[in-house]
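Encoded as structure tokens, the structure appears first; notes follow it.
Side-chain atoms are counted along with the backbone in the values below, which use heavy atoms only and exclude waters and symmetry mates. Note that this is a predicted model, so its numbers are computed, not measured.
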Amino acid sequence: MTTATAELLTVGEVMAQLKVGRTKVYDLIRTHRLVSIKVDGCRRIPADAVRDFILGRIEEAA
């Protein structure tokens, strides 16, 4: 992941991609299963982190 060009998503956008609620997204962040950063107090999740999370879950299921 190249942090200089990484697309940052809002919690709402991640909720829509993963089809889960706000509490679940924050739980994934809290348990370090989903990487996030804060930008002036706003939580942002790199798009690569969401992709890596999804791929990891697929590998676990296989």
Side-chain angles (χ1 to χ4, degrees):
M1 177 173 80
T2 58
T3 53
T5 59
E7 179 185 1
L8 298 176
L9 304 173
T10 66
V11 170
E13 291 169 330
V14 174
M15 288 168 50
Q17 283 191 5
L18 297 180
K19 311 258 189 302
V20 298
R22 179 175 300 276
T23 302
K24 184 61 178 179
V25 173
Y26 279 107
D27 182 55
L28 292 171
I29 292 168
R30 183 182 54 79
T31 58
H32 304 286
R33 295 182 350 205
L34 190 60
V35 175
S36 73
I37 62 170
K38 274 193 155 183
V39 178
D40 292 332
C42 298
R43 185 66 60 184
R44 296 294 182 257
I45 301 96
D48 290 345
V50 176
R51 188 199 71 236
D52 292 345
F53 173 77
I54 293 168
L55 292 175
R57 295 298 295 163
I58 291 170
E59 288 175 8
E60 287 178 18

| task | Could you tell me whether Arg57 atom CZ has more than 12 heavy atoms of other residues or ligands within 6.0 Å of it? | result | no
| note | Distance col, row Thr10:OG1 vs Ile45:CD1, nearest 0.5 angstrom, shows 7.0 Å
| query | Same cluster for Ile58 and Phe53 if Ile/Leu/Val/Met/Phe/Trp/Tyr side chains link at under 4.5 Å? | reply | yes
| query | Pick one: which of Gln17, Arg44, Met15, Arg43 meets side chain to side chain contact (heavy atoms under 4.5 Å, CB included) with Leu9? | reply | Gln17
| Nearest heavy-atom pair of Pro46 and Val35: which atoms, and what distance? | CD-O, 3.6 Å
| request: Look up atom OH in Tyr26 and atom OG1 in Thr31, then write down how far apart they are to the nearest 0.5 Å. | output: 14.0 Å
| task | Grab the two heavy atoms, one from Arg22 and one from Val11, that are nearest each other, plus how far apart they are. | result | NH1-CG1, 3.9 Å
| task | Any chance you could lay out the side-chain contact (heavy atoms from CB on, under 4.5 Å) test for Val14 and Leu28, step after step, and finish with the verdict? | result | CA-CA 11 Å; Val14 174; Leu28 292 171; over 6 Å; no
| message | Do Ile54 and Val20 sit in one hydrophobic cluster, given that two such residues count as connected whenever their side-chain heavy atoms are within less than 4.5 Å of each other, even indirectly? | response | yes
